[in-house]
Amino acid sequence: MKHRGAGTKTITVVCLGATLVMLTEQYIQINFPGLANMNRMASQVISGVGFIGVGTIIISRHRVRGLTTAATLWASACVGLAVGIGFVEGGILITVVMLFSLHVLPYVERFAARHSRYCNVFIDLEESRDLHLVMQKLKEANVVIDSMDMGESKGEGEGISVHMVLYIRKAVKRAEVYDILTKTDKVMSVDFL
């Protein structure tokens, strides 16, 4: 529905491929006794699908995208392995729980995020010494800096990029924090997550 790289077709093909691997493993066990190792091919599917999943993970503008897609691909391969070996009930149960978690839990996450007092902020500054001014302005606004990481700015020229996890007290609104940061001298850009 979101037009992502791995949709229902990809997930179905991964699941069917994993099922075929386990059916092939059983076929070898029955027709060529002693030649099959029931764990070997399954472990190759798990590691192979993990490799495919890495290709779906993208980092852009301080956000990681594709983790759920990668996890869904991996889990669908596991469902295929379970169904292929004959554990159909487990495959069905996990599929139902996966569908529930993929379609219901995002609403729970959004609700929790809206009511959270914590927020992630990425700030690009011209120089590292300008960070002291930003921290002072946040302290004056009664905003607590829970944690902070610094790195080189990815923009043009020199500068630093600061990731802060802020705890915003009830009296302060996120819009006020955004205004404080954008109106502070030497702040080149602000990105809230």
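Only this structure's heavy atoms are used, side chains among them; waters, hydrogens and symmetry mates stay out.
Formation of a donor-acceptor pair under 3.5 Å by the R117 side chain with backbone atoms of Y167 is not found in this model. S76 places a side-chain N or O within donor-acceptor distance of the main-chain N or O of T72, the cut-off being under 3.5 Å. Checking side-chain atoms of N31 against main-chain N and O of I28 turns up no donor-acceptor pair under 3.5 Å.
Contact of the R169 side chain with the V143 side chain is not registered, since no non-hydrogen atoms from C-beta on lie closer than 4.5 Å. I168 places a side-chain heavy atom less than 4.5 Å from the side chain of R174. L23 places none of its side-chain heavy atoms less than 4.5 Å from the side chain of V21. By the 4.5 Å heavy-atom criterion applied to side chains, M150 and L131 are counted as neighbours. Side-chain contact between C78 and I94 is absent, with no heavy-atom pair separated by less than 4.5 Å. For the pair D191 and V121, the minimum side-chain heavy-atom distance is 4.5 Å or more. The side-chain heavy atoms of Y178 and T182, taken from C-beta on, include a pair separated by under 4.5 Å.
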Would D146 and Y118 satisfy side-chain contact (heavy atoms from CB on, under 4.5 Å), going step by step from the backbone distance to the final call?
-> CA-CA 9 Å; D146 187 64; Y118 289 92; 3.9 Å; yes
Can you list the steps and then say if L166 with I145 is a side-chain contact (heavy atoms from CB on, under 4.5 Å)?
-> CA-CA 5 Å; L166 303 177; I145 300 171; 3.8 Å; yes
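In terms of hydrophobic clustering, with Ile, Leu, Val, Met, Phe, Trp and Tyr side chains grouped at heavy-atom distances under 4.5 Å, M41 and V45 are assigned to a common cluster. One hydrophobic cluster holds both V165 and V144 under the rule that ILVMFWY side chains link at heavy-atom gaps under 4.5 Å. Tracing side-chain contacts under 4.5 Å through hydrophobic residues (I, L, V, M, F, W, Y), one reaches I52 starting from I46; they form part of the same cluster. Both V177 and V134 are assigned to one and the same hydrophobic cluster, defined by single-linkage of ILVMFWY side chains at heavy-atom distances under 4.5 Å. L81 and L16 fall into different hydrophobic clusters, defined by Ile, Leu, Val, Met, Phe, Trp and Tyr side-chain heavy atoms under 4.5 Å apart, directly or through other members.
Between I85 and Q26, the closest heavy-atom pair is CA-NE2, 3.1 Å. Shown here for A141 and I180, the closest heavy-atom pair between the two residues is CB-CD1, 3.3 Å. Of all non-hydrogen atoms in V49 and A77, the two that sit nearest each other are CG2-CB, 3.7 Å. The minimum heavy-atom distance linking A70 with G53 is given by the pair CB-O, 3.4 Å. In this structure, M188 and L125 approach most closely via the heavy-atom pair CE-O, 3.8 Å.
We find the NE2-CE distance between H103 and M98 to be 9.5 Å, quoted to the nearest 0.5 Å. From M22, atom CE reaches atom CD of Q29 across 10.5 Å, with rounding to the nearest 0.5 Å. Rounded to the nearest 0.5 angstrom, T184 OG1 and Q136 CD are separated by 10.0 Å. The CG atom of L73 sits 13.5 Å away from atom CZ of F51, with the distance rounded to the nearest 0.5 Å. Separating the CE atom in M164 from the CG atom in L138 is a distance of 6.0 Å, to the nearest 0.5 Å. Note that CE of M148 is 9.5 Å distant from CD1 of I123, once rounded to the nearest 0.5 Å.
Note on ring orientation: taking the six-membered ring where Trp is involved, the planes of H163 and F122 are parallel (angle under 30°, cut-offs 30° and 60°).
With sequence neighbours excluded, the residues satisfying side-chain hydrogen bond (donor to acceptor under 3.5 Å, both in side chains) with S189 are D124.
Relative to the six-membered ring of Y107, R110 meets both conditions, a distance below 6.0 Å and an angle of at most 45° to the axis.
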